[in-house]
Protein chains: 2
Amino acid sequence: MKRVDEEYGQQPKVGFSERFIRGDVFSAQCPSREVLKHITNRWGGLVLIALKLNQGPAYRFSELRRLIQGVSEKMLAQTLKMLEQDGFVQRTDFQVVPPHVEYSLTPLGAEVAVHVVGLADWLEEHIQDILSHRKLS
Amino acid sequence: MKRVDEEYGQQPKVGFSERFIRGDVFSAQCPSREVLKHITNRWGGLVLIALKLNQGPAYRFSELRRLIQGVSEKMLAQTLKMLEQDGFVQRTDFQVVPPHVEYSLTPLGAEVAVHVVGLADWLEEHIQDILSHRKLS
DNA sequence: CTGCATCCTAGAAGATACTG
DNA sequence: CAGTATCTTCTAGGATGCAG
């Protein structure tokens, strides 16, 4: 929400770090928009939730695929790679044949996931309220 | 996360209320997936945040459009309508010429917005960490 | 088992013009 | 001012086949 300078909404002529003290999701140019997109696209949030709620050993690719119903192989791979680049997901390749790869949250990822889980949790609890409101309108 | 019965992941043959105690974002059939989509699509979240953070009088359409940079008229109208149907947004039409319409959050909307704001807030604060991680990889 | 490469489509989003 | 209607564009996502 806070900008270094006052020219709100112009094209950036310099790098991010010189222009923003912190991110600003309302600004079209702010990179936080992009990261927000990663988290809020169709599968990003669900992956974070799955990894966060997991109590047992780290998930393998196919376990995640089974858990997150409806996700395709391609999208799961793509999503995991994105989240890994953002520093949210830790990928561990055991370098064996047949392949064995595990996914878990980084400390940073665990922090975002808290908020995503909070949102999803609220939704699951209030879904009936929402649906009944829709029928009325 | 909790289902009434055990047949996890099958096609629903009965209505929602008979099958789910609460929502389950992991289930492809659960309506919470759809609502989650409304909140996490390109503009839904930003609208909720804008309305939530607003301290002054309720926003008018054009004010929202100016605040949320990059949103088109069409998408803003569409998004507001969606959120209104979900029971998150209150639309007040003053029935005057020229038109004067105001948007605010319903109590339900204010609740979801808390979580969305929390997520965006975390993001804005940690965007530098994320960006620096990306450069390394 | 864990992917990547390719191709293809539905639906999201944008541009523009118009109206009460 | 606050939209709607129409048309076009774009891209996220799905299907399939193959590889280490």
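The sequence lines fix the lettering, A, B, ..., with proteins before strands; numbering per chain opens at 1.
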N/O donor-acceptor pair under 3.5 Å between [X] side chain and [Y] backbone:
X: B:Glu34; Y: B:Pro31; answer: no
X: A:Asn54; Y: A:Pro57; answer: yes
X: A:His133; Y: B:Gln85; answer: yes
X: B:Thr106; Y: B:Gly87; answer: yes

Give the nucleotide from the list D:dT4, D:dG13, C:dG3 with an atom nearest to the side chain of A:Glu73.
-> C:dG3
Is the shortest side-chain N/O distance from [X] to OP1 or OP2 of [N] below 4.0 Å?
X: A:Arg60; N: C:dT2; result: yes
X: B:Arg42; N: D:dT11; result: no
X: B:Tyr103; N: D:dG3; result: yes
X: A:Arg91; N: C:dG3; result: yes

Spacing between [X] atom [atom1] and [N] atom [atom2], to the nearest angstrom:
X: A:Glu84; N: C:dG3; atom1: CD; atom2: C1'; value: 13 Å
X: A:Leu80; N: C:dG3; atom1: CG; atom2: P; value: 8 Å
X: A:His100; N: C:dG3; atom1: NE2; atom2: C1'; value: 15 Å
X: B:Phe94; N: D:dG3; atom1: CZ; atom2: P; value: 12 Å
X: A:Trp43; N: D:dA12; atom1: CH2; atom2: P; value: 15 Å
X: B:Leu46; N: C:dA13; atom1: CG; atom2: P; value: 11 Å
X: A:Asn41; N: D:dG14; atom1: CG; atom2: P; value: 11 Å
X: B:His38; N: C:dG11; atom1: NE2; atom2: P; value: 14 Å

With nearest nucleotides of DNA chain D determined for A:Gln78 and B:Phe61 from heavy-atom distances, which residue corresponds to the more 5′ nucleotide?
->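 On the 5' side of the pair lies B:Phe61.
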Map B:Ser62 and B:Lys74 onto DNA chain D by nearest heavy atom, then report which one ends up closer to the 5' terminus.
-> B:Ser62
Contact nearer the 5' end of DNA chain C, comparing A:Ala77 with A:Pro99 | A:Pro99
Answer whether the closest heavy-atom distance between the side chains of B:Met82 and B:Asn41 falls below 4.5 Å.
-> yes
